[in-house]
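What's counted below: heavy atoms across the whole structure, side chains too, no hydrogens, waters or symmetry copies.
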Amino acid sequence: MDHAAEAQRTDLMTITRHVLNEQSRHPESRGDFTILLSHIVLGCKFVAAAVNKAGLAKLIGLAGETNVQGEEQKKLDVLSNEVFVKALVSSGRTCVLVSEENEEAIFVDPALRGKYCVCFDPLDGSSNIDCGVSIGTIFGIFTWSKDKDNVTLEDVLQPGTNMLAAGYCMYGSSCTLVLSTGNGVNGFTLDPSLGEFILTHPNIKIPKKGKIYSVNEGNAKNWDGPTAKFVEKCKYPEDGSPPRSLRYIGSMVADVHRTLLYGGIFLYPADQKSPNGKLRVLYEVFPMSFLMEQAGGQAFTGKQRALELAPAKLHDRSPVFLGSYDDVEEIKALYASMSNSG
């Protein structure tokens, strides 16, 4: 990239312009989705600013409460959650919100109700704030299925195949927002001098096969057979190829972002301690699986395509294996051979 030339570029594709271009491909649309996304973008900008000054503003201390998952909440989590809830409600385009930080779904006041259901994790990886590791926001958008005057939990407990859009915003060395509205995946980077997200990674395609695997090996003694065998093959390939590199940050947004750009596979399997896996279906597994598929990769639970899961509860969990197409095929084959031999 010629950075000097880039600095002089005047034809900037901002995220707003990009979304409006997408909208023009749907002549029947009334701009509701564009308005909703602009409110999500505003929430991301606010949280990016708060994360940057967290150490100074003493937002790093614990808020003194635990969330529904039993994890201690950081002050920044609480702030981020409030920001996104308020931004989404005030957009006038949402009817129900599901947040990692709230035990119950939030039903929007009928006067402000729109047709979208948004599931989000306001600050994923927040236990890493203190050490400066990348953290992020994850979101997925559904449309309600029936009657917006009578919104129920069923409107949000939908399979991921019904998802309209998904994305994440990573707050790291730069602030990057990766978005798919069902027509490929695009990455935008926040230009702090303009206060705008600029298109920097158009039409992201994950490599068909990668050289990196990403998993918490501290859980290895509790893994099932296929996961253990797959990781063994990564370290000691039987075909004479070089071993794969292990990269694990422990912040899902950062690990998935690297996987998306460089290829490879991200694994969060079920194990004896967490027989249903750890990651939550609605606001972690679905959005990331949606992005992976849109970029030409795959997402698998150990039993089925991840997006075909039908969650029964708001905070349902699932194992997930997502990343490059060929790498996920490999893990699918291991699970298939285990079920055939079993």
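Judged as a side-chain hydrogen bond (donor to acceptor under 3.5 Å, both in side chains), and not counting sequence neighbours, Glu196 has no contacts.
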Check the pair Tyr168 / Phe139 against ring-ring contact (aromatic ring centres under 6.0 Å, His included), numbers first and verdict last. CA-CA 6 Å; Tyr168 59 80; Phe139 60 90; 8.7 Å; no
Check the pair His201 / Phe188 against ring-ring contact (aromatic ring centres under 6.0 Å, His included), numbers first and verdict last. CA-CA 6 Å; His201 297 74; Phe188 303 83; 9.4 Å; no
Does the pair Glu238 and Lys233 meet the rule for a salt bridge (charged side-chain N to carboxylate O under 4.0 Å, His left out), with working shown? CA-CA 7 Å; Glu238 292 154 5; Lys233 281 171 72 177; 5.1 Å; no
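Here the CD1-CE distance, from Ile265 to Met292, works out to 9.5 Å after rounding to the nearest 0.5 Å. Interatomic distance, NE2 of His257 versus OG1 of Thr259, reported as 10.0 Å (0.5 Å rounding). Distance check, rounded to the nearest 0.5 Å: CG of Leu282 to CD of Glu100 gives 12.0 Å. Distance check: Asp271 CG to Asn276 CG gives 10.5 Å after rounding to the nearest 0.5 Å. With values rounded to the nearest 0.5 angstrom, Ile204 atom CD1 is found 12.0 Å from Gln294 atom CD.
For the 3.5 Å distance criterion, the side chains of Ser318 and Tyr268 fail to qualify, holding no donor opposite an acceptor. A side-chain donor-acceptor contact under 3.5 Å links Asn102 and Asn81. Counting only N and O atoms by type, the side chains of Gln298 and Glu329 include a donor and acceptor under 3.5 Å apart. Remark: the Asp191 side chain and the Ser193 side chain contain an N/O donor-acceptor pair separated by less than 3.5 Å. Side-chain N/O atoms of Tyr335 and Thr227 include a donor and acceptor closer than 3.5 Å. A donor atom on one side chain and an acceptor atom on the other are not found under 3.5 Å apart for Ser274 and Arg317.
Listed for the Ser180 side chain is a donor-acceptor partner under 3.5 Å among the backbone atoms of Gly184. Of the possible donor and acceptor atoms, one in the side chain of Glu284 sits under 3.5 Å from a partner among the backbone N and O of Arg280. The backbone N or O of Gly250 sits less than 3.5 Å from a side-chain atom of Asp255, completing a donor-acceptor pair. Looking only at distances, no side-chain donor or acceptor of Asn52 sits under 3.5 Å from a matching main-chain atom of Ala49. With hydrogens and angles ignored, the 3.5 Å screen pairs no side-chain donor or acceptor of Arg113 with any backbone N or O of Ala111. Side chain of Asn162 to backbone of Gln158: no donor-acceptor contact under 3.5 angstrom is found.
Residue Leu309 comes nearest to Phe286 through the heavy atom pair O-CZ, 3.3 Å, listed as atom of the first residue, atom of the second, then distance. Counting all heavy atoms, side chain and backbone alike, Val151 lies closest to Asp155 at CA-OD2, 3.4 Å. Between Thr94 and Leu88 the shortest heavy-atom distance is OG1-O, 3.0 Å. Nearest heavy atom pair, residue Phe84 against residue Ile40, reads CE2-O, 3.7 Å. When every heavy atom of Asp124 is checked against every heavy atom of Ile135, the shortest pair comes out as O-CB, 3.4 Å. When every heavy atom of Gly210 is checked against every heavy atom of Ser324, the shortest pair comes out as N-OG, 3.7 Å.
Residue Val156 is tested with Leu97, Val98, Val118 for a side chain to side chain contact (heavy atoms under 4.5 Å, CB included); the sole match is Val98.
Looking at heavy atoms from C-beta onward, Glu101 lies in side-chain contact with Pro122 at the 4.5 angstrom threshold. Taking the side chain as every heavy atom from C-beta outward, Asn186 and Thr181 never approach each other to under 4.5 Å. Between Leu179 and Leu291 there is no side-chain heavy-atom pair separated by less than 4.5 Å. Looking at heavy atoms from C-beta onward, Ser134 lies out of side-chain contact with Tyr171 at the 4.5 angstrom threshold. Contact check for Leu314 versus Leu153: side-chain heavy atoms found under the 4.5 Å cut-off. In this structure the side chain of Thr189 never reaches within 4.5 angstrom of the side chain of Cys175, judged on heavy atoms. Side-chain contact between Val215 and Phe230: absent, with no pair of heavy atoms (C-beta onward) separated by less than 4.5 Å. In this structure, the side chains of Pro242 and Pro237 stay at 4.5 Å or more apart for every pair of heavy atoms.
Leu20 is not connected to Leu37 by any chain of hydrophobic side-chain contacts under 4.5 Å among Ile, Leu, Val, Met, Phe, Trp and Tyr, and they are in different clusters. Cluster membership check: Leu42 does not share its hydrophobic cluster with Val178, using side-chain heavy-atom separations under 4.5 Å among Ile, Leu, Val, Met, Phe, Trp and Tyr. Ile35 and Val89 are assigned to two separate hydrophobic clusters, defined by single-linkage of ILVMFWY side chains at heavy-atom distances under 4.5 Å. Linking ILVMFWY side-chain heavy atoms closer than 4.5 Å, directly or via other members, places Ile249 and Leu322 in two distinct hydrophobic clusters. Cluster membership check: Val83 shares its hydrophobic cluster with Leu112, using side-chain heavy-atom separations under 4.5 Å among Ile, Leu, Val, Met, Phe, Trp and Tyr.
Few gaps surround NZ on Lys332; more than 12 heavy atoms of other groups in view lie less than 6.0 Å from it. Counting heavy atoms of neighbouring residues, nucleotides and ligands inside a 6.0 Å radius, atom NZ of Lys205 exceeds 12 of them. More than 12 heavy-atom neighbours from other residues, nucleotides or ligands sit within 6.0 angstrom of OH on Tyr248. With a 6.0 Å radius and a threshold of 12 heavy atoms from other residues, nucleotides or ligands, Phe46 has its CZ atom at or below the threshold.
Glu217 and Lys235 are joined by a salt bridge, as a carboxylate oxygen and a charged side-chain nitrogen come within less than 4.0 angstrom of each other. Look at Lys209 and Asp327 and you find a salt bridge, because one of the NZ, NE, NH1 or NH2 atoms lies within 4.0 Å of a carboxylate O, short of that distance. The pair Arg244-Glu330 meets the salt-bridge criterion, with a side-chain N (NZ, NE, NH1 or NH2) lying under 4.0 Å from an Asp/Glu carboxylate O. For Glu308 and Arg305, the salt-bridge test passes: some basic side-chain N is under 4.0 Å from an acidic carboxylate O.
A tilted orientation is assigned to the rings of Phe300 and Phe321, their planes being inclined by 30° to 60°. Using cut-offs of 30° and 60° for the angle between ring planes, the Tyr283 and His315 rings count as perpendicular.
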